[in-house]
S.K.: 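Input: one structure, supplied below.
For reference, positions follow the sequence shown, starting with 1.
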Amino acid sequence: GGGRPAGAPGAGARPERITDPAEARAARETLSKPDERGREQLVLESPRHAVANLSRLLAMPPEQSDELMLAQLISNATKRRMVEDGGQPADAVAFLRENSADIRDLLRRMPFAEQSLDVELMQQGRNVYQLRLRRSPSRGLRYDSVWVTLEGGQWKFLWER
């Protein structure tokens with residue numbers, strides 16, 4: 001959902017109702033801020049920020065978000081894996097786009113990421129974590145997990161098979 005920010009001018013226009021919990025959370029939280037040059041800088045201070053930014057960027061048109069996703073949200077470990085597998089780092093973004101509907105279905109069921117009631121946060125290695133939706137809430141979904149890693153003090157999306 002889009003809509004106007006609170007307090008925006010508009011003769012009595014009401015903002016659209018946001019029904020997607022991830023989008024509602026993203027609207028309430030500061031998920032990005034301008035850097036010293038005025039460019040968008042993602043806030044990635046927790047797994048929750050990484051998941052919320054992933055949801056937000058997948059909801060945006062590719063021309064507005066794919067470059068940002070690749071530059072700031074996709075982990076260096078994922079980019080290396082894409083190259084090792086004979087591809088390009090951008091293949092990670094292509095995968096997320098191609099599977100956007102299924103990924104967003106998963107993210108809607110974990111609206112607060114590691115703080116969601118139905119999510120288990122499991123350490124899977126040094127600075128590597130799996131956020132897995134419990135069995136019952138994951139019924140009917142293609143995916144049940146999101147993987148994140150801590151790189152340089154920032155939480156990033158990690159490709160895990």
S.K.: Looking only at heavy atoms, which two atoms of R108 and D105 are closest? And how far apart?
M.R.: NH1-OD1, 2.8 Å
S.K.: Once rounded to the nearest 0.5 Å, what's the spacing between atom CG of L131 and atom CD of E114?
M.R.: 6.0 Å
S.K.: So, does E45 use its side chain to make a donor-acceptor pair with the main chain of Q154 at under 3.5 Å?
M.R.: no
S.K.: List the atom of A59, the atom of R104, and the distance in Å for their closest heavy-atom pair.
M.R.: CB-NH2, 3.4 Å
S.K.: Is it the case that more than 12 heavy atoms not belonging to E67 sit under 6.0 Å from its CD atom?
M.R.: no
S.K.: Is any side-chain heavy atom of L96 less than 4.5 Å from a side-chain heavy atom of I103?
M.R.: yes
S.K.: Considering all heavy atoms of both residues, which atom of L158 and which atom of T78 are nearest to each other, and what is their separation?
M.R.: CA-OG1, 3.3 Å
S.K.: If you take all heavy atoms of V148 and P47, which pair is closest and at what distance?
M.R.: CG2-CB, 4.1 Å
S.K.: Are any side-chain N or O atoms of Q123 and backbone N or O atoms of G125, one a donor and one an acceptor, separated by less than 3.5 Å?
M.R.: yes
S.K.: Does the D35 side chain pair with the main chain of R37, one donor and one acceptor, at a distance under 3.5 Å?
M.R.: yes
S.K.: Between L106 and M122, is there shared hydrophobic-cluster membership here, with clusters defined by ILVMFWY side-chain heavy atoms closer than 4.5 Å?
M.R.: no
S.K.: What I want to find out is whether E40 reaches R56 closely enough, with some N-O distance under 4.0 Å, to be called a salt bridge.
M.R.: yes
S.K.: What closest approach, in Å, do V93 and I74 show between heavy atoms, and which atom pair accounts for it?
M.R.: CG2-CG1, 4.1 Å
S.K.: State plainly whether one hydrophobic cluster holds both V43 and V146, where clusters connect Ile, Leu, Val, Met, Phe, Trp and Tyr through side-chain heavy atoms under 4.5 angstrom apart.
M.R.: no
S.K.: Between D66 and R97, does any NZ, NE, NH1 or NH2 come within less than 4.0 Å of an OD or OE carboxylate oxygen?
M.R.: yes
S.K.: Would you check if the side chain of K79 reaches a backbone N or O of L70 as a donor-acceptor pair within less than 3.5 Å?
M.R.: yes
S.K.: S145 and side-chain hydrogen bond (donor to acceptor under 3.5 Å, both in side chains): which partner among Q130, Q124, E120?
M.R.: Q130
S.K.: Check step by step if side chain to side chain contact (heavy atoms under 4.5 Å, CB included) holds for R109 and L141.
M.R.: CA-CA 10 Å; R109 295 193 193 178; L141 295 179; 3.6 Å; yes
S.K.: Examine V51 and L150 and state if one hydrophobic cluster contains both, with Ile, Leu, Val, Met, Phe, Trp and Tyr joined whenever side-chain heavy atoms are less than 4.5 Å apart.
M.R.: yes
S.K.: Scan M69, H49, Q72 and name whichever one has a side-chain contact (heavy atoms from CB on, under 4.5 Å) with L42.
M.R.: Q72
S.K.: Kindly write out the residues that satisfy ring-ring contact (aromatic ring centres under 6.0 Å, His included) with F95, not counting sequence neighbours, or none if the list is empty.
M.R.: W159
S.K.: Is it true that the side chains of N99 and Y143 contain a donor and an acceptor less than 3.5 Å apart?
M.R.: yes
S.K.: If you round to the nearest 0.5 Å, how far is CG of D91 from CD of E98?
M.R.: 9.0 Å
S.K.: Is it true that a side-chain atom of N53 and a backbone atom of A50 form a donor plus acceptor pair closer than 3.5 Å?
M.R.: no
S.K.: Answer yes or no: is there a side-chain heavy-atom contact under 4.5 Å between T149 and Y129?
M.R.: no
S.K.: Between S65 and P61 (side chain of the first, backbone of the second, donor and acceptor by atom type, cut-off under 3.5 Å), is there such a pair?
M.R.: yes
S.K.: Any donor-acceptor pair under 3.5 Å linking the side chain of S75 with the backbone of F157?
M.R.: yes
S.K.: Is the CD atom of Q41 crowded by more than 12 outside heavy atoms at less than 6.0 Å?
M.R.: yes
S.K.: Taking side chain as C-beta onward, heavy atoms only, is K156 less than 4.5 Å from L73?
M.R.: no
S.K.: Within the structure provided, determine whether V119 and R134 are in side-chain contact (heavy-atom separation under 4.5 Å).
M.R.: no
